Amino acid sequence: MALVAAVRRLAQVSLREYSRKRTAVSWGGRLAAGRSLTSGTHALRSDNKVTVHFINRDGEKIAAKGSPGDSLLDVVINEDLDFDGFGACEGTLACSTCHLIFDDEVYKKLGPVTDEEMDMLDLAYGLTETSRLGCQICLTKSLDGMVARVPESVADIRQTKDEAS
Amino acid sequence: MSGRTLLWTLGKSGWTKRLHEGFSGCGKAFLSSSSPKVCIVGSGPAGFYTAQHLIKARQDVAVDIYERLPVPFGLVRFGVAPDHPEVKNVINTFTQTAKHSRCSFYGNVNVGKDVSVVELQQAYHAIILSYGAEGNRSVGVPGEDLAGVYSAKDFVGWYNGLPSCQELSPDLSCETAVVLGQGNVALDVARILLCPVDVLKQTDITQPALEALAQSQIRRVLIVGRRGPMQVACTIKELREMVNLPDSRPEMVAADFEGVTEALKDLPRPRKRLTELMLKTAVETPGEKEQRRRASASRVWGFRFFRSPVEILAEPGRGRAAGIRLAVSRLEGSGEGARAVLTGDVEDVSCGLVISSIGYKSLPIDPTVPFDSRRAIVPNSNGRVRQATGLYCSGWLKTGPTGVIATTMNNSFDTARSLLEDMDSGTLDVSAAKPGSQSIGALLEKRVGPGHSWRPYLIL
């Protein structure tokens, strides 16, 4: 039964009436390439790359490169950036763990947010006016040098949470 | 979904080869007997995220995850709705963790029955209880035991293939179903009850449930709550799915939404968008296309607000539900803290199926573990169990049974951080060698005689 279920899963059609904007990566790439979500064709010329600076939860700035069309989640995965729990649903708009915060200027360049992204973003911890989900932001040359901050996923200051009656 | 899931499922048959290999070796890294050994009870998101964080943070920690069922992943496997397969993608990261050389998964071990927490504490430096909430809150009204009345936990378990729920055989031959509760689980139940069978066919819903739903006569589902539209516990994605459900139309009571428009402007964005969508669906006259769609829909759904169950009514002479008596309430206060106060009026609704979705509930599994029965959680501070050493908790057992996977993830990382702090500071002594799974394995071998289905279950 589990085998049939698994096969069904592989063959299933999206049930949503609205289209989900998936990352620029093919499913085939996911199956073949293990954890990496790369589509498999890397740019041969380095000047086609887009640099993204991530600020991690410790405040460190990490430079990473991706290709135009890669989502920010793709970059995090492909470059093995070590953000705890990032991208749990693997870019399918079913969680809010790829939540990133941008400055106003960059945010304006990121384009419109769909209802579906907004619905999941609404659940993100530490939501701001310039928050987006990394799996929905695709790189373009005009975003070269952009900065994206990985927000805290729990309260910054660890308060003693009293869970006893 | 992912080929990895398929491989893992195929690999399941390989475990029989490992049956007699016992708990040692089996391709895992050899760890010195003095490495800190942690035992996690429960293999749902809480268990796995806690394990993940620990293994990453310290190179010497070994984690053993014990699970009551033969298979891992808890509610990700058995609680997530079949038409939400993307939510189950986390299974991939959990599988990676299980395959890690310093992590081992053992299924079919019932902690509290097959082995006690005290015995685990003798074998491990730290125990993390992450066994979630296997019970459910009872409505506490007469008629709750009638045929045709189920907890959402059991109903969801039924259509998701949870072994203990496969004999449920709910009777779906009535026209109206009432769901008590207005959280995401309530909406999942309503959606699965009304979802066109063609759509369900393409999900991993169980075959018996699919057949039962194909025969279902249910055409109307009421999702009932004690408070008002601005107190619903569901989130917008699930509401949108109801609004967009093929062949279904919404039907709500406009009067329930009095005052909501005025209150919108003060709401934080998530609550505001959710309420706007609900309001629009409930009271606005839709455009022509949507009007036509609604007119041709064969099924109906709607929220009913300000209603509190007082009795489930039986068909005369038969022990099965035929209706539900609801008391009318009004709100005192506003926002999240608003309270429902009974007005004295009642209303009877005919229905043949009642599903109570008012919350899961954790249960105590071992008398030596402190348990707060009022809140149904293990009393703790940042995951450190109170009045205990070397005992921690994560997930719903720690905070109560609400939250999505991401919530549980953060909660679990928090507990892992507490344990790591304690190990680093010396509050928890990890210097003495502990036998870990060697001794527990030996104990289980001796204790559970032939005929018991206990066996080590190793993921490839």
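Per chain, numbering begins at 1; letters A, B, ... match sequence-line order. Side-chain atoms are counted along with the backbone in the values below, which use heavy atoms only and exclude waters and symmetry mates. For clarity, every value in this text was computed on a predicted model and none was experimentally measured.
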Validation row: L123(A), T235(B) side chains within 4.5 angstrom (heavy atoms)
yes
Shortest non-hydrogen pair, Y49(B) vs A88(A), comes out as OH-CB, 3.5 Å
**Request:** Would you indicate whether K280(B), at its atom NZ, is surrounded by more than 12 heavy atoms from other residues, nucleotides or ligands within a distance under 6.0 Å?
**Result:** no
Between E86(B) and C89(A), the two heavy atoms sitting closest are O-CB, 3.8 Å
Distance col, row D115(A):CG vs R240(B):CZ, nearest 0.5 angstrom, shows 4.0 Å
When the 4.5 angstrom heavy-atom criterion is applied to M118(A) and chain B, the contacting part is both
One should read off an interatomic distance between Y125(A) OH and M409(B) CE, to the nearest 0.5 angstrom, of 13.0 Å
**Prompt:** Are side-chain heavy atoms of D122(A) and R273(B) found at a separation under 4.5 Å?
**Reply:** yes
So CG of N410(B) and OG1 of T97(A): to nearest 0.5 Å the spacing works out to 9.0 Å
Okay, R269(B) and chain A: the region with an atom under 4.5 Å from a heavy atom over there is both
Q | Any K56(B) side-chain heavy atom under 4.5 Å of D82(A) side chain | A | yes
